[in-house]
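Encoded as structure tokens, the structure appears first; notes follow it.
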Amino acid sequence: MLSNSAHSYSYEECKTISDWLLAHTEVRPLVAIVCGSGLGKLAEMIKDPVILKYKDIPNFPQSTVQGHAGQLVFGTLQGKHCVCMQGRFHLYEGYSIQKITLPMRVFKLMGVHTVILTNAAGSLNPGYRVGDIMVIKDHINMPGLSGNNPLVGPNDDRFGTRFPCMSDAYDRKLRQLAQEVGAELGFSDFLKEGVYFVLGGPSFETIAECRMLHMLGVDAVGMSTVHEVIVARHCGMRCFALSLISNEAVMEYTSQEKANHEEVLETGRVRAGQMEELVSTIVSRLEEYSAC
Ligand SMILES: O=P(O)(O)O[C@@H]1C[C@H](O)[C@@H](CO)O1
Ligand SMILES: Nc1nc2[nH]cnc2c(=O)[nH]1
């Protein structure tokens, strides 16, 4: 299953998976939620769940990372039909960038108009603390800057245009809504907004790399989300993304701190409740905003 070949899924292949899913659930999702590392509990807020394991879905990749269960959870959240990815795919698992973003096109074909993505990330912003939640306002796509962009290859206009705009990748109205909801829930002290930097992983950053990212004005660094957002935006879905700050980047050579996946998962457990409240309240207010 692990393959790094640049296999692009055709429109027909995506449609076959979408049709298979629609035949296995009566849920007609309008909203998709992607759970980041340690954030799989978000799927537990889905009511009347219909669970389809990735291993049972024809042509679907498999989750290989601890903290990513590997299943789609269909159901309702705040009365709205949703699909939740309990487990996402990362470049470092050895999959092609087209493979890790496949679910976005499948969701589009199922009728999804809004994607809410979550991830765990390390902070570069000295004002951030572990446990802060950062609304992503923009990204820097390190693999993309060197040519590894999920839209490389023939463009199928049925999905979207050859040259999609990314200056509006993260929906401004939804970011505003998140700040309003955060204030109402009493989260303002730990709800931030910033720029997410994606790199390939799986190794965490060196001290020199962290210093470089800090100089670039990066607020948080991680290994996901951006590729999914590019594909989701390409096919016209509205995107909103949250980073849970799970660790602080190590900036000093005298520091004894070491980034590690266990700390990432633990922060997810501690903040799961608030992430749930934030996401579910945002979903409850989605109709106040028109889809793009
Ligand atoms: O899926 P996300 O971006 O939340 O996962 C982050 C990045 C790595 O996969 C992992 C490192 O602990 O967490
Ligand atoms: N690249 C990267 N990904 C993360 N995911 C969670 N924390 C980190 C981090 O410090 N660096």
Side-chain angles (χ1 to χ4, degrees), residues 32-43 54 61-71 84-95 97 99-101 103-104 115-126 128-136 139-144 150 192 194-214 216 218-230 232 239-252 255 257-272 275 279:
I33 299 165
V34 181
C35 300
S37 284
L39 295 167
K41 264 180 78 71
L42 281 175
Y54 296 166
Q62 306 303 310
S63 285
T64 69
V65 186
Q66 197 197 350
H68 292 262
Q71 54 193 25
C84 189
M85 270 187 90
Q86 208 176 20
R88 68 140 57 85
F89 312 111
H90 307 83
L91 269 182
Y92 63 76
E93 292 176 78
Y95 294 126
I97 200 161
K99 201 160 198 169
I100 65 175
T101 52
M104 297 301 118
V115 188
I116 298 178
L117 305 105
T118 64
N119 65 51
S123 74
L124 278 309
N125 184 323
Y128 287 7
R129 295 287 163 265
V130 170
D132 282 354
I133 298 172
M134 183 184 89
V135 175
I136 301 183
H139 69 228
I140 299 176
N141 180 7
M142 185 73 180
K192 317 283 175 169
V195 174
Y196 177 85
F197 187 102
V198 65
L199 39 69
S203 49
F204 288 109
E205 297 67 45
T206 64
I207 292 170
E209 286 164 348
C210 288
R211 289 181 173 194
M212 177 192 77
L213 296 179
H214 177 65
L216 288 176
V218 168
D219 295 296
V221 59
M223 308 177 195
S224 71
T225 306
V226 168
H227 321 301
E228 294 150 334
V229 166
I230 290 171
C239 290
F240 171 75
L242 294 171
S243 289
L244 175 60
I245 301 302
S246 55
N247 55 290
E248 291 174 18
V250 179
M251 304 286 279
E252 300 302 329
S255 170
E257 295 296 322
K258 289 181 197 292
N260 63 89
H261 192 54
E262 288 64 41
E263 184 185 7
V264 169
L265 297 181
E266 178 55 24
T267 311
R269 280 188 279 274
V270 171
R271 270 285 186 250
M275 287 289 280
V279 171

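When a ligand or atom number is given, it counts from 1 through the structure's own listing order. As a basis for the values below, the full set of heavy atoms in this structure was taken, side chains included, without hydrogen atoms, waters or symmetry mates.
Numbered from 1 in the order shown, with element, the atoms of ligand 2 that lie under 4.0 Å from a heavy atom of L199 read 1 (N). The contact set between ligand 1 and V264, taken as ligand atoms under 4.0 Å from a residue heavy atom, comprises 12 (O), 13 (O). Atoms of ligand 2 lying under 4.0 Å from at least one heavy atom of M223, given by number and element, are 1 (N), 2 (C), 3 (N). Close approach of ligand 1 to F204 (heavy-atom distance below 4.0 Å) involves ligand atoms 11 (C), 12 (O). Near H68, with a cut-off below 4.0 Å to any heavy atom, the atoms of ligand 1 are 1 (O). Those atoms of ligand 1 with a heavy atom of S37 less than 4.0 angstrom away are 1 (O), 2 (P), 4 (O), 5 (O), 6 (C), 9 (O), 10 (C), 13 (O). Atoms of ligand 1 lying under 4.0 Å from any heavy atom of S224, numbered from 1 in the order shown and given with element: 1 (O), 2 (P), 3 (O). Of all atoms in ligand 1, listed by their number and element, those nearer than 4.0 Å to a heavy atom of Y92 are 8 (C), 9 (O).
Between H90 and H68, the ring center distance clears the sub-6.0 Å criterion.
Between the side chain of Y196 and the backbone N or O of S224 there is at least one donor-acceptor pair closer than 3.5 Å. In terms of modelled atom types and a separation under 3.5 Å, the side chain of S255 and the main chain of M251 share no donor-acceptor contact. A distance-only check finds no donor-acceptor pair linking the side chain of Y128 to the backbone of G122 [under 3.5 Å]. Q86 places a side-chain N or O within 3.5 Å of a backbone atom of G40 that can act as its donor or acceptor partner. With hydrogens and angles disregarded, no donor-acceptor distance shorter than 3.5 Å links the side chain of E228 to the backbone of T101. In terms of modelled atom types and a separation under 3.5 Å, the side chain of N247 and the main chain of I245 share no donor-acceptor contact.
The side chain of V264, and not its backbone, has at least one atom closer than 4.0 Å to an atom of ligand 2 (non-hydrogen atoms only; side chain from C-beta on). Here S246 has side-chain heavy atoms under 4.0 Å from ligand 2, and that is the only part of it that gets that close. Of all the heavy atoms of A121, the ones lying under 4.0 Å from any atom of ligand 2 belong exclusively to the backbone. Heavy atoms from both the backbone and the side chain of N119 come within less than 4.0 Å of ligand 1.
The shortest distance between side-chain heavy atoms of E263 and S246 does not fall below 4.5 Å. Y54 is not listed as a side-chain neighbour of P61, based on a closest heavy-atom distance of 4.5 Å or more.
Taking a 6.0 Å sphere around NE2 of H261, one finds it holds more than 12 heavy atoms contributed by other residues, nucleotides or ligands.
Of the N or O atoms in M223, none lie within a sub-3.5 Å distance of an N or O in ligand 1. An N or O contact shorter than 3.5 Å links R88 to ligand 1 by distance. By the 3.5 Å distance cut-off applied to N or O atoms, Y196 is not counted among the residues near ligand 1. Considering backbone and side-chain N/O atoms, A120 comes within less than 3.5 Å of an N/O atom of ligand 2. In terms of polar-atom proximity, defined here as any N/O pair under 3.5 Å, T118 makes no such contact with ligand 1.
At the shortest separation from atom 3 (N) of ligand 2 among protein heavy atoms lies G222 CA, 3.4 Å. Atom 10 (O) of ligand 2 has N247 ND2, 2.8 Å as its closest protein atom, hydrogens excluded (heavy atom only). At the top of the distance list for atom 2 (C) of ligand 2, counting protein heavy atoms only, stands E205 OE2, 3.4 Å.
Electrostatic pairing of R211 and E252 counts as a salt bridge here, judged by a charged N lying under 4.0 Å from a carboxylate O.
The closest approach between a heavy atom of A120 and any atom of ligand 1 is below 4.0 Å.
Among H90, E93, Q66, H261, the residue whose heavy atom sits closest to atom 11 (C) of ligand 1 is H261.
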What's the verdict on side chain to side chain contact (heavy atoms under 4.5 Å, CB included) for I133 and S243, showing C-alpha distance, side-chain angles and the deciding distance?
CA-CA 6 Å; I133 298 172; S243 289; over 6 Å; no

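Partner of R88 under the side-chain hydrogen bond (donor to acceptor under 3.5 Å, both in side chains) criterion, chosen from T118, N119, T225: T225.
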